[in-house]
Amino acid sequence: LKFIAWRIAGMPDTMNLQDVAVRDGEQLHERVPPYRWSVTRADLKQLRILVQKFVADGRMVPTQRDRFDVTDGIIGPCIHTVNKQLIKPITARVGGMSWALMLHPEGLPCDLFVTHCWREGIYEFIDKVLNSWPGRARHAYCCMLSNPQNLDIGNLISSPSASPFARALRASTYMLVVPNRQCSIYSRAWCAYEAFLAYSDSKIIFTASAPVLHLRREISYIVMTIACVLVIAVVVAAQFEVDDLGRLAGIHYHYAPFGGLVATLAIFAQTSSAVIKHSPVTRAIAYTSAVFSAAYLGVAGFIAAVMGARNGLFGNYTSRSVIDAFGGVCLCIGAATLEVDRLWCIRAQQEASQLLTGYTGRLRDAKSSKDEDKETILRELVTSGKENEVDSAIQVLLDSGVSTPSLRTAVAHAGKLKAAGYWSLSMVLVSWFGWAWAPLYGIADMAERHWHFVEMGYCRSANLAFVCIDPGQTSMCASLTNYCRSPLEGPAVPLCLLNLLGGLAWLFSFIALGRDKRGFAAAALIRIVGIGSLPVLCPLLLLFPLEFSSKIVGIGVLAFAFTPVTLILSIMGPGWASRVPLIGPLIVKLLMLRISFECQRPDEAVLPTAEVPPARAVGDQGCKSRDEEQGG
């Protein structure tokens, strides 16, 4: 043990095995209840480093069952190998307890139950668990680390409902399903039984996903595209003089509608991803949107910089120019995150495909190395009368990426909901930024126009009387009357403030929602506020010179219709929304609808991870059941 501690000395974030006391493992497991046989995130990180050290030092070697590549840092040795060559030898020296109780003798309460198959690689498994660890969970029950691998726990698992798995799962809040490259975990009887328990206890079940390799590299490509177009746009804009009102002198009446068109095209390019499944089409959309967004930001940012240097943040429409530039920044962020969404979606498709490998769609077809285990599990499953319901719950997980009581209720009322547990980061950002941008632009426009009219003397009583007495100056008289009064006196600014408050309320509620409701809340934001407000935003951009007050009807609709509906649906979630008589199922289906153009199937979706080795053979016994490796 001292040799092991010496070998890992100086490694970052590793456990100090030299401080581990020798205890009676059997008595320790009798004293500490199974729902406290848990490990932390740090424990998993440390285990990954320790396995890498063992492989590098030649103390963990390939076997006939597991011919892993010692140079591979992505999949790694299978869990059978890690258990036999690392976990069992180390825990045997300190009393035979589990890895979890070796590190935490008093135990840790279980928040997260991890269900998986021992045929997967240890690196792949740990990376998926860490990447998908729920933010509110602190400790996890993981059979290979939680169960005492050196003790005989046959008696403990003789009754499935009283087994350590069942007791730990009942105490947890979440169940994390970890797919692998070899087979579906639901082709094994014990994993199927865990799904039954999770459904019976209304647990939140979701699929673990691996981090996307080379994500930064892929994002850097689109960021470089944005940077190049941005520089070109600034150079072109610098060829023209910016007048006192923040306009490009000489071409203002040509650029204004053109600039608005560019911004509108960027918005439409990003909005289209809300209804198109991620595929090569969405990659083209991301780069198209990046070009339009950068072009708009380049010109708007140049004008804002010039105006800011002259006037500060307010006066001569400077604040409006700054908000225009802010809109360009938001569009560029949305374009960059479109590529992130595409890669995340492909990864999710791969995980769903792995869960389907070998799964027949019925838990009763799951296999076990011991026939008596399968018979006991099936007997309990059939007696409960929930067999079909559990099959449906797993299908919801496969379709949506998450299975919760709320989502299962929605599926029962509205039918299959594909990818309901996922949401588009880019569209959430762009839709919410648009929700905030329009009111901010409106407030700045009203305030700047009032300041300009007062400074120019248009609001003097003599001038007002002269203009308004002329029947041919009716529109000018209306403008003077509107902008000479305080912006707070009209309805425009209060409506803008109401929209801003609604946007903030949605943001805070979105952060507080669970994973299943977040997907639905994001869909409500994108479809109702994002797409629904396009008739307000696009004319505002295309008809740039027109007064903002002419959009008061659209802003009112956004404040009194779109905002409350979006907030209510987001808080209700898919379950309660689908229960609304007559229209509920239709609303849920419309919000979660996606249209596919040349969309990749899960088995065709390939992430930029050329270094990842193909799925390898791990013996000829398939995914093994837990009792074959003492609780595996």
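Worth saying up front: this structure is predicted, and the values here are computed from it rather than measured.
Side-chain contact between K128 and S209 is absent, with no heavy atoms from C-beta onward closer than 4.5 Å. Residues C142 and F125 have side chains in contact (heavy-atom distance under 4.5 Å, counting atoms from C-beta outward). Under the 4.5 Å side-chain criterion, counting only non-hydrogen atoms from C-beta, V39 is not in contact with L108.
Contact record, A208 with P179: O-CD, 3.5 Å, taken as the closest heavy-atom pair. Of all heavy-atom pairs between P211 and N131, the closest is N-ND2, 3.7 Å. When every heavy atom of V32 is checked against every heavy atom of G107, the shortest pair comes out as CG1-CA, 4.2 Å. Nearest heavy atoms, A512 versus R136: O-NH2, 3.1 Å. Shortest non-hydrogen contact noted between T91 and M97 is CB-O, 3.2 Å. Considering all non-hydrogen atoms of both residues, I222 and A335 come closest at CD1-O, 3.2 Å.
No donor-acceptor distance shorter than 3.5 angstrom exists from the side chain of D391 to the backbone of N388, with no hydrogens or angles considered. Side-chain N or O atoms of N83 include none that pairs as donor or acceptor with a backbone N or O of I87 at under 3.5 Å. Between the R347 side chain and the A210 main chain, a donor and an acceptor come within less than 3.5 Å of each other. For T337 (side chain) and G334 (main-chain N/O), a donor-acceptor pair under 3.5 Å exists by modelled atom type. H139 contributes a side-chain N or O that, together with a main-chain N or O of P109, makes up a donor-acceptor pair within less than 3.5 Å. Without hydrogens or angle criteria, T115 side chain to C191 main chain gives no donor-acceptor distance under 3.5 Å. Remark: side-chain polar atoms of R41 are paired, donor with acceptor, to backbone N or O of L130 under 3.5 angstrom. Remark: side-chain polar atoms of T81 are not paired, donor with acceptor, to backbone N or O of P77 under 3.5 angstrom. Here the side chain of S406 pairs a donor or acceptor atom with the backbone of G575 at under 3.5 angstrom. When atom types are taken as modelled, the side chain of K517 and the backbone of P574 share no donor-acceptor pair closer than 3.5 angstrom.
For Y123, the OH atom is densely surrounded, since the number of other residues' heavy atoms within 6.0 Å is greater than 12. Other residues, nucleotides and ligands contribute at most 12 non-hydrogen atoms within 6.0 Å of the CD atom of E26.
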Inset, instruction - Could you give me the CA-CA distance, side-chain angles and deciding distance for E120 and I79, then say whether side-chain contact (heavy atoms from CB on, under 4.5 Å) is met? - result: CA-CA 6 Å; E120 65 209 338; I79 293 175; 3.4 Å; yes

Inset, instruction - Take V51 and V55, measure what side-chain contact (heavy atoms from CB on, under 4.5 Å) needs, and give me the verdict at the end. - result: CA-CA 6 Å; V51 171; V55 172; 4.3 Å; yes

Inset, instruction - Determine, step by step, whether I75 and D69 satisfy the side-chain contact (heavy atoms from CB on, under 4.5 Å) criterion, reporting the C-alpha distance in whole Å, the side-chain angles of both residues, the deciding distance to 0.1 Å, and the verdict. - result: CA-CA 9 Å; I75 297 179; D69 182 359; over 6 Å; no

Legend entry - side-chain hydrogen bond (donor to acceptor under 3.5 Å, both in side chains) between T63 and D66, intermediate numbers included: CA-CA 5 Å; T63 63; D66 181 20; 5.4 Å; no

Inset, instruction - Decide yes or no on salt bridge (charged side-chain N to carboxylate O under 4.0 Å, His left out) for D201 and K203, but give the supporting numbers first. - result: CA-CA 6 Å; D201 292 343; K203 301 298 181 183; 5.0 Å; no

Inset, instruction - Under the side-chain contact (heavy atoms from CB on, under 4.5 Å) rule, what do H116 and V129 come out as? Steps first, then yes or no, please. - result: CA-CA 10 Å; H116 66 109; V129 173; over 6 Å; no

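The line from NZ of K84 to SG of C78 is 10.5 Å long, rounded to the nearest 0.5 Å. Distance check, rounded to the nearest 0.5 Å: CG of L197 to CZ of R167 gives 13.0 Å. One finds the CD1 atom of I333 at 9.0 Å from the CD1 atom of I226 (value rounded to the nearest 0.5 Å). Interatomic distance, CG of L50 versus CD1 of I90, reported as 5.5 Å (0.5 Å rounding). Annotation: the span from D57 atom CG to Q52 atom CD amounts to 11.5 Å, rounded to 0.5 Å.
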Please tabulate, for side-chain N and O atoms in residues 168-178, each donor-acceptor pair with protein atoms closer than 3.5 Å (sequence neighbours left out).
unit_1, atom_1, unit_2, atom_2, d
R170, NH1, S161, O, 2.9
R170, NH2, S161, O, 3.3
S172, OG, L169, O, 2.7

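With respect to the salt-bridge test (charged N to carboxylate O, under 4.0 angstrom), the residues E106 and R31 qualify.
Cation-pi check for R59 over F54 is met; the charged atom lies under 6.0 angstrom from the ring centroid and within 45 degrees of its normal.
No side-chain N or O of H214 forms a donor-acceptor pair with one of E218 less than 3.5 Å apart.
The one candidate from W99, Y141, W37 that meets the side chain to side chain donor-acceptor pair (under 3.5 Å) condition with N147 is Y141.
Centroid-to-centroid, the aromatic rings of Y199 and F196 stay 6.0 Å apart or farther.
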